[in-house]
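Single-structure report; data block below.
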Amino acid sequence: MKTTTASLIVLLALAGCSRGPELVPEVVALKSDKLPASPADSAWDRAPEHVARLLLQDLVEPRQMKATTQEVRVRALSDGAQVVFRLSWADDNLSDAPGPAKMVDACAVQIPEKLSPDPPAPQMGDDHGLVQVTYWRADWQAAVNGRGDSIKDLYPNAVVDHYPFDAQSLEKGSDAHKEMAQRYAPARALGNLRAGPREKPVEDLIANGPGTLSPGPSLDSAGRGQHSPKGWSVQISRKLPEGLSSSERTQVAFAVWQGSEQESGARKMRTGWIPLVVRSPQ
């Protein structure tokens with residue numbers, strides 16, 4: 001069957017008229033008066049999509065030498081004060097429960113602390129520049145969604161003979177009961193940020209090189225993740241980087257951890273720097 005030149009022109013014209021998601025070579029934070037409430041919000045349909053290929057973290061120990069997650073699809077919106085990203089990636093294994101030798105699904109957004117034509121190294125920054133990281137975890141999301149963090153919640157098959165803070169002689173909620181309970185939750189008593197219960201599924205961190213990650217100033221961050229048979233869609237919001245406007249640009253990088261692949265800490269899949277710009281709708 002022969003295809004004429006005229007037929008080819010018609011076919012190409014029809015293909016050009018198709019209205020699929022707009023794919024862009026940079027992450028475009030489209031200006032919007034109202035930011036989405038969840039990863040499933042219809043507001044995301046307006047935002048152009050960037051497909052970021054993920055790389056092995058093979059620079060520092062512990063390295064990830066096995067390619068797991070291939071790509072993360074990113075959309076972004078901004079109201080001029082906040083920027084919110086939606087990260088979507090394939091993962092049919094839900095890993096949202098902590099435990100011995102169990103890792104959890106997670107993702108992160110990394111942006112240089114300051115706008116600069118010469119950003120710090122994309123692998124957690126360097127001595128010449130700090131990076132700001134907003135980190136989301138699936139187990140924190142489960143806790144925010146209502147899953148308890150008691151031993152019975154996390155380990156339903158565990159059997160405990162007795163804990164002193166459960167003694168009948170202690171009035172529930174009394175000062176004596178709270179004091180006794182803290183003796184058996186030392187991390188929480190010391191204010192460890194990783195000890196529950198959690199109010200939000202994200203935390204703000206800073207780094208100036210591998211191995212330097214630490215709690216950072218608040219970026220007014222928030223997050224929400226939803227899992228389906230296709231994988232994760234995670235919404236992460238934070239303050240718009242200072243100075244970022246339609247006439248300026250910065251860089252952004254992403255990381256994804258698959259708990260089922262024993263990924264945790266430096267064992268992850270990640271991107272290099274990707275330009276981040278703010279634009280008004282056309």
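Since the structure is predicted, the reported quantities are computational estimates derived from the model, not experimental observations.
Between the side chain of His50 and the main chain of Val24, a donor-acceptor pair closer than 3.5 Å is present. With Arg270 contributing its side chain and Leu56 its backbone, the two residues share a donor-acceptor pair below 3.5 Å. Judged by distance alone, the side chain of Asp126 and the main-chain N or O of Gly129 form a donor-acceptor pair under 3.5 Å. Panel note: side chain Arg86, backbone Pro39; a donor-acceptor pair is recorded below 3.5 Å. Judged by distance alone, with hydrogens and angles left aside, the side-chain atoms of Asp79 form no donor-acceptor pair with the main-chain N or O of Leu35 at under 3.5 Å.
Under the 4.5 Å side-chain contact rule for hydrophobic residues, Val234 and Leu276 share a cluster. Hydrophobic clustering keeps Val84 apart from Val256 (ILVMFWY residues linked when any side-chain heavy atoms are closer than 4.5 Å, directly or through intermediates). In the hydrophobic cluster analysis, where Ile, Leu, Val, Met, Phe, Trp and Tyr join through side-chain heavy atoms closer than 4.5 angstrom, Leu130 is grouped apart from Trp273. Hydrophobic clustering keeps Trp140 apart from Ile236 (ILVMFWY residues linked when any side-chain heavy atoms are closer than 4.5 Å, directly or through intermediates).
Between Ser78 and Lys31, every side-chain heavy-atom pair lies at or beyond the 4.5 Å cut-off. Contact of the Met65 side chain with the Asp58 side chain is registered, since non-hydrogen atoms from C-beta on lie closer than 4.5 Å. Side-chain contact between Ile274 and Phe254 is present, with at least one heavy-atom pair separated by less than 4.5 Å. Looking at Val278 and Leu240, their side chains come closer than 4.5 Å, going by heavy atoms from C-beta outward. The shortest side-chain heavy-atom distance between Ile206 and Pro217 falls under the 4.5 Å cut-off. Proximity of Thr271 to Leu54: side-chain heavy atoms (C-beta onward) are separated by under 4.5 Å at one or more points. Side-chain contact between Val27 and Val277 is absent, with no heavy atoms from C-beta onward closer than 4.5 Å. Contact check for Val144 versus Glu199: no side-chain heavy atoms found under the 4.5 Å cut-off.
When every heavy atom of Ala108 is checked against every heavy atom of Leu87, the shortest pair comes out as O-CD2, 4.2 Å. Taking both residues in full, the closest heavy atoms of Ala47 and Leu77 are given as CB-CD2, 3.9 Å, listed atom of the first, atom of the second, then distance. The nearest pair of heavy atoms linking Pro210 to Met124 is N-CB, 3.8 Å. Minimum interatomic distance between Pro241 and Ile111 (heavy atoms only, all atoms of both residues): CG-CG2, 3.8 Å.
For the residue pair Lys114 and Thr250, no side-chain donor N or O sits within less than 3.5 Å of a side-chain acceptor on the partner. If you check the side chains of Trp257 and Asp105, you find no donor sitting under 3.5 Å from an acceptor. Residues Arg46 and Ser32 bring a donor and an acceptor atom of their side chains to less than 3.5 Å of each other. Judged purely by distance below 3.5 Å, without hydrogens or angles, the side chains of Ser221 and Thr134 never pair a donor atom with an acceptor atom.
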Report task. Kindly determine whether Arg279 and Glu26 satisfy salt bridge (Lys or Arg N to Asp or Glu O under 4.0 Å), including the steps that lead there. Result -> CA-CA 12 Å; Arg279 287 191 185 143; Glu26 56 200 356; 2.5 Å; yes

Query raised in the report: Yes or no on side-chain hydrogen bond (donor to acceptor under 3.5 Å, both in side chains) for Ser95 and Gln258, after CA distance, side-chain angles and deciding distance?
Result: CA-CA 8 Å; Ser95 302; Gln258 285 207 40; over 6 Å; no

Requested in this report: Could you walk me through whether Asp127 and Asn208 pass the side chain to side chain contact (heavy atoms under 4.5 Å, CB included) test, one step at a time?
Outcome: CA-CA 6 Å; Asp127 292 338; Asn208 64 337; 4.2 Å; yes

Report task. Take Asp91 and Lys230 through the test salt bridge (Lys or Arg N to Asp or Glu O under 4.0 Å) and record every step on the way to the result. Result -> CA-CA 7 Å; Asp91 182 3; Lys230 293 182 178 180; over 6 Å; no

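Taking 4.0 Å as the cut-off between side-chain N and carboxylate O, Glu71 and Arg53 count as a salt-bridged pair. Note on Glu203 versus Arg137: no salt bridge recorded, every NZ/NE/NH1/NH2 to OD/OE distance being 4.0 Å or above.
Just one of Gln64, Gln57, Lys66 meets the side chain to side chain donor-acceptor pair (under 3.5 Å) condition when paired with Glu263; it is Gln64. Here the rule is side-chain contact (heavy atoms from CB on, under 4.5 Å) with Arg224, and of Ser38, Pro201, Pro36 only Ser38 fits it.
Gln132 pairs by the side-chain hydrogen bond (donor to acceptor under 3.5 Å, both in side chains) definition with Arg238, not counting sequence neighbours.
Residue-environment remark: CG (Asp220) exceeds the threshold of 12 foreign heavy atoms within 6.0 Å. With a 6.0 Å radius and a threshold of 12 heavy atoms from other residues, nucleotides or ligands, Asp33 has its CG atom at or below the threshold. More than 12 heavy atoms of other residues, nucleotides or ligands lie within 6.0 Å of NZ in Lys172, so this atom counts as buried by the packing criterion.
Seen from the ring of Trp44, Arg75 does not count as a face-on cation partner, given the 6.0 Å and 45° thresholds.
Between Trp136 and Phe85, the gap from one ring centroid to the other reaches at least 6.0 Å.
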